[in-house]
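A short write-up of the structure that comes next.
A note on names: the letters A, B, ... follow the listed sequences, proteins ahead of strands, and every chain is numbered from 1. Source: prediction; values computed, not measured.
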Number of protein chains: 2
Amino acid sequence: MATTSTTAKSQTLMVFEAVRGDILDVRMEPGSRLHVGSLVERFGVSQSAVREALSRLVADGLALALNQKGFRVAPVSIDDLHDLTEARIEMEVVALRRSLEKGDAAWEARVLAAYHELSRSTPVAVEKLHGTMLLWGVLHRRFHNALASAAGSDWLERFREVMFDQSERYRKLSVSHPTGPRDVDAEHRALMQAALERDVDRMHQLVAAHFRATAEIVTEAMQSRASAVK
Amino acid sequence: MATTSTTAKSQTLMVFEAVRGDILDVRMEPGSRLHVGSLVERFGVSQSAVREALSRLVADGLALALNQKGFRVAPVSIDDLHDLTEARIEMEVVALRRSLEKGDAAWEARVLAAYHELSRSTPVAVEKLHGTMLLWGVLHRRFHNALASAAGSDWLERFREVMFDQSERYRKLSVSHPTGPRDVDAEHRALMQAALERDVDRMHQLVAAHFRATAEIVTEAMQSRASAVK
DNA sequence: AAATAAAAAAATATCGACATTTTTGACTTT
DNA sequence: AAAGTCAAAAATGTCGATATTTTTTTATTT
């Protein structure tokens with residue numbers, strides 16, 4: 001996974017990225033406690049480094065800091081998922097409208113290339129393997145980023161990224177849930193075509209359907225899980 | 001977020017809120033260094049508490065952490081101000097559209113009350129005193145929050161708040177700059193009326209003009225300051 | 001036996017100290 | 001005198017230890 005790169009990163013950054021990955025990939029149960037001592041042992045660093053990393057996760061909305069009661073993984077809920085999804089649709093449309101207005105030939109090339117790579121990565125709709133799932137996630141992100149890449153706003157990009165991360169976390173909650181028939185590739189192809197045709201209204205429809213379809217599946221998974229456990 | 005509480009706050013939170021206030025109120029020069037040692041002395045707490053507080057500011061976008069070179073106050077630039085302003089207009093319109101759709105009688109009452117308090121707080125357009133300026137800032141924020149308060153999305157609210165804070169910081173950069181004639185109260189009254197009439201398109205126009213007018217003044221102040229200093 | 005209270009254990013928030021790295025400032029060289 | 005060099009000073013990132021608070025376990029009472 002996201003390990004250290006060429007330059008020597010600070011201990012804080014290392015822990016930050018590792019725990020962040022654990023939370024986003026749902027290797028840590030939402031709402032569960034983040035024991036400082038355990039992380040100190042696991043990463044072989046001091047408490048300071050761990051606490052600083054956790055503090056940054058708090059501000060990012062991935063962890064909670066309860067007064068005198070330590071840190072917890074940010075919880076999930078169906079209400080939050082719904083709110084997140086609808087807000088994300090609005091935000092995405094804002095970025096896409098701009099991108100479709102300002103996108104040049106290079107942008108079109110980026111969109112085409114990203115779609116091509118994404119569609120090739122799921123050749124026979126077999127994504128059960130852990131490795132290929134991760135790869136697909138990266139290409140999926142790249143495709144959606146390509147669509148919005150001509151918007152040219154650091155602020156919109158930043159918020160989009162936060163919401164994408166959160167959405168991915170919810171999506172991973174439902175990986176083992178039995179899913180109905182869905183042609184995700186067709187959805188992406190339609191998005192690509194509408195983008196190249198600069199059809200903002202169609203784009204809005206497609207994005208809303210695309211995001212809501214995923215949210216629907218996750219909601220079902222959460223409901224069935226809630227009634228099964230405890 | 002109003003995390004005020006009667007119980008004893010942690011040292012980290014105390015430092016976090018204090019430094020956050022210093023940055024947002026421009027008592028600390030953008031881009032300047034945040035010495036851990038100085039803050040330890042000033043607040044009488046340990047390095048851990050200070051570093052944790054600064055780490056949270058980093059994730060909030062109010063400070064920067066440079067590898068092995070300590071923390072700095074987040075810099076400002078005319079480009080960033082422009083980006084921020086345009087992104088904020090889009091975001092605000094999204095929230096306002098929802099709010100105007102869903103707003104009920106209680107919402108109308110909130111908007112009216114907030115406008116009334118705001119308009120009364122600048123009786124003779126004399127806002128030079130530091131104390132009243134701060135008060136006006138609170139009422140100003142309250143008014144804009146009231147307008148969007150029926151949107152009912154925690155995520156939109158969170159992003160709006162981040163952008164409001166950032167915009168306020170820029171505004172405070174220009175408090176001593178000579179400003180042309182501007183009837184801010186009239187702008188707010190127009191916003192209130194358009195809101196109560198549920199006129200989304202008008203609202204969009206007014207919000208864009210309102211935000212851009214402030215950004216224009218700040219840009220001038222930054223330009224004249226850049227050519228004067230150093 | 002259930003509920004309550006006290007004691008033990010664990011975990012947290014905070015602190016001061018240390019090794020490394022960066023910055024500062026005096027000194028030398030062209 | 002300007003530029004480069006090198007040692008002193010300051011600041012950073014990291015660490016282990018300690019006092020408080022929370023959680024768990026054990027004992028007591030109704």
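- To the nearest angstrom, P of dT14(C) lies 6 Å from CD of Gln68(A).
- With respect to the salt-bridge test (charged N to carboxylate O, under 4.0 angstrom), the residues Glu168(A) and Arg141(A) do not qualify.
- Nucleotide dA11(C) holds its P atom 17 Å from the CG atom of Leu66(A), rounded to whole Å.
- Outside the 6.0 Å centre-distance limit, the rings of His188(A) and Tyr115(A) are not counted as a close aromatic pair.
- The distance between atom CZ of Phe71(A) and atom C1' of dA11(C), rounded to the nearest whole Å, is 12 Å.
- Judged by distance alone, with hydrogens and angles left aside, the side-chain atoms of Asp83(A) form a donor-acceptor pair with the main-chain N or O of Asp154(B) at under 3.5 Å.
- Contacts between residues 36-47 of chain A and DNA chain D, defined by a heavy-atom separation below 4.0 Å, involve Val45(A), Ser46(A), Gln47(A), listed by number.
- In this structure, the CZ atom of Arg51(B) is 15 Å from the C1' atom of dC15(C), given to the nearest Å.
- Arg212(B) has a carboxylate O that lies under 4.0 Å from a charged side-chain N of Glu86(B), or vice versa, which qualifies the two as a salt bridge.
- Residue Gln11(A) contributes atom CD, which lies 13 Å from atom P of dT20(C) at whole-angstrom precision.
- Ion pair Asp22(B)/Arg42(B) flagged as a salt bridge, since at least one NZ, NE, NH1 or NH2 atom sits closer than 4.0 Å to an Asp/Glu carboxylate oxygen.
- Nearest to the side-chain atoms of His35(A) among the listed nucleotides dT14(C), dA11(C), dT23(C) stands dA11(C).
- Look at Asp25(A) and Arg169(A) and you find no salt bridge, because none of the NZ, NE, NH1 or NH2 atoms lies under 4.0 Å from a carboxylate O.
- Once you apply a 4.0 Å limit to the heavy atoms of chain A, the touched nucleotides of DNA chain D run 5' to 3' over dT14(D) to dT23(D).
- Formation of a donor-acceptor pair under 3.5 Å by the Trp107(B) side chain with backbone atoms of Lys102(B) is not found in this model.
- Scanning for side chain to side chain contact (heavy atoms under 4.5 Å, CB included) contacts around Asp79(A) gives Ser77(A), with sequence neighbours left out.
- Arg33(A) comes within 4.0 angstrom of sugar-phosphate atoms only, judged by non-hydrogen atoms across all strands, and of no base.
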